[in-house]
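Just below is one structure, and these are the notes that go with it.
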Amino acid sequence: MTQQFNNQLFAFTKQFTDSAFKAHSLALKGLEKVAELQLKALEEQTKVSAEFVTEVMEARDVDGLRGLWEKGSSLSRENAERAVAVSQEVLAITQKTAESLNALVQEQRQAANDAVAAPVAGKKAAK
């Protein structure tokens with residue numbers, strides 16, 4: 001009886017550990033994609049802002065400053081649009097990761113149900 005209990009406990013622990021490892025792996029992959037996406041967006045925004053600052057430093061008259069005003073407004077709008085696009089992509093990645101984790105939980109639940117049902121079915125057959 002003790003051996004059977006130990007075997008079941010070992011099987012459950014192994015299954016739980018495998019599932020935890022898979023969940024951790026899925027979460028890290030999602031986090032990696034999000035970080036990469038945000039880093040690219042930051043690099044792009046930094047590059048565009050640096051170019052704008054360079055143009056500001058080169059402006060020598062009022063007409064040049066007027067052009068920079070319009071360009072600054074355009075730059076702000078583009079940065080906002082880029083931020084919204086990145087946010088939407090982050091949300092999509094997060095949703096996909098959550099769906100993968102949910103599928104993993106469903107697999108774990110089904111495996112646990114099967115593990116509990118198997119000994120019960122064996123006892124009914126023995127009677």
Side-chain angles (χ1 to χ4, degrees):
M1 182 72 170
T2 305
Q3 183 63 29
Q4 181 183 7
F5 177 74
N6 285 341
N7 289 341
Q8 287 177 344
L9 183 62
F10 178 73
F12 174 74
T13 304
K14 182 181 181 312
Q15 179 184 3
F16 179 76
T17 305
D18 289 344
S19 295
F21 180 75
K22 289 177 187 176
H24 185 72
S25 177
L26 285 171
L28 283 178
K29 285 180 185 177
L31 183 62
E32 181 181 359
K33 288 178 185 176
V34 167
E36 181 180 324
L37 190 63
Q38 289 179 335
L39 186 60
K40 285 181 183 177
L42 181 64
E43 288 174 353
E44 180 66 25
Q45 187 172 353
T46 302
K47 183 180 105 180
V48 171
S49 296
E51 290 171 359
F52 180 72
V53 169
T54 301
E55 288 182 31
V56 167
M57 299 296 233
E58 293 174 354
R60 299 289 180 219
D61 58 357
V62 175
D63 290 332
L65 290 176
R66 271 192 213 124
L68 288 174
W69 182 266
E70 293 169 6
K71 185 166 183 166
S73 299
S74 172
L75 181 66
S76 295
R77 185 182 67 251
E78 290 171 6
N79 282 341
E81 290 171 355
R82 218 176 291 120
V84 168
V86 168
S87 297
Q88 288 174 341
E89 288 182 52
V90 166
L91 184 60
I93 291 169
T94 304
Q95 184 177 10
K96 193 173 190 179
T97 302
E99 288 171 358
S100 297
L101 289 171
N102 188 31
L104 186 63
V105 167
Q106 295 300 328
E107 288 175 17
Q108 178 76 14
R109 183 179 296 151
Q110 185 61 40
N113 287 341
D114 293 344
V116 169
V120 173
K123 286 181 182 179
K124 286 182 181 180
K127 288 182 180 182

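Side chains are part of it too, since the values below use all heavy atoms of this structure and drop only hydrogens, waters and symmetry mates. The residues of the chain are indexed from 1 along the displayed sequence.
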Task: Euclidean distance, Gln38 CD relative to Glu89 CD, rounded to 0.5 Å - done: 11.0 Å

Open item on the list: Salt bridge or not between Glu70 and Arg66? Use side-chain N to carboxylate O under 4.0 Å.
Closed with: no

Residues 15-28 side chain polar contacts: donor-acceptor under 3.5 Å, at least two apart:
unit_1: Thr17; atom_1: OG1; unit_2: Thr13; atom_2: O; d: 2.7
unit_1: Asp18; atom_1: OD2; unit_2: Lys14; atom_2: NZ; d: 3.1
unit_1: Ser19; atom_1: OG; unit_2: Gln15; atom_2: O; d: 3.1
unit_1: Ser19; atom_1: OG; unit_2: Gln108; atom_2: OE1; d: 2.4

Task: With Glu55 via side-chain contact (heavy atoms from CB on, under 4.5 Å) - residues at least two apart - done: Leu68, Lys71

Task: Beyond-backbone contact of Glu36 with Lys40, side-chain heavy atoms, under 4.5 angstrom - done: yes

TODO: Kindly compute the distance separating NZ (Lys96) from NZ (Lys33), expressed to the nearest 0.5 Å.
DONE: 5.5 Å

TODO: Supply the atom-to-atom distance Phe52 CZ to Ser74 OG, rounded to the nearest 0.5 angstrom.
DONE: 10.0 Å

Open item on the list: Within this structure, what is the CG-CD distance for the pair Asn102 and Glu107, rounded to the nearest 0.5 Å?
Closed with: 10.5 Å

Open item on the list: Taking CD in Glu32 as the centre, count heavy atoms belonging to other residues, nucleotides or ligands within less than 6.0 Å. Is the count above 12?
Closed with: no

TODO: Report yes if some heavy atom in the side chain of Ser73 is under 4.5 Å from a heavy atom in the side chain of Arg77; otherwise report no.
DONE: no

TODO: Output the distance between atom CD (Gln88) and atom CD1 (Ile93), rounded to the nearest 0.5 Å.
DONE: 12.5 Å

TODO: Give, for atom CG of Leu39 and atom CD of Glu44, the distance between the pair rounded to the nearest 0.5 Å.
DONE: 12.0 Å

Open item on the list: Could you work out, with salt bridge (Lys or Arg N to Asp or Glu O under 4.0 Å) as the rule, every residue matching Asp61, not counting sequence neighbours?
Closed with: none

Task: Contact check, side chains of Lys29 and Thr97, non-hydrogen atoms, under 4.5 Å - done: no

- [ ] Identify whether Val56 and Leu65 are in the same connected component of the hydrophobic contact network (ILVMFWY, side-chain heavy atoms under 4.5 Å).
- [x] yes

Task: Minimum side-chain heavy-atom gap Val48-Arg82 below 4.5 Å - done: yes

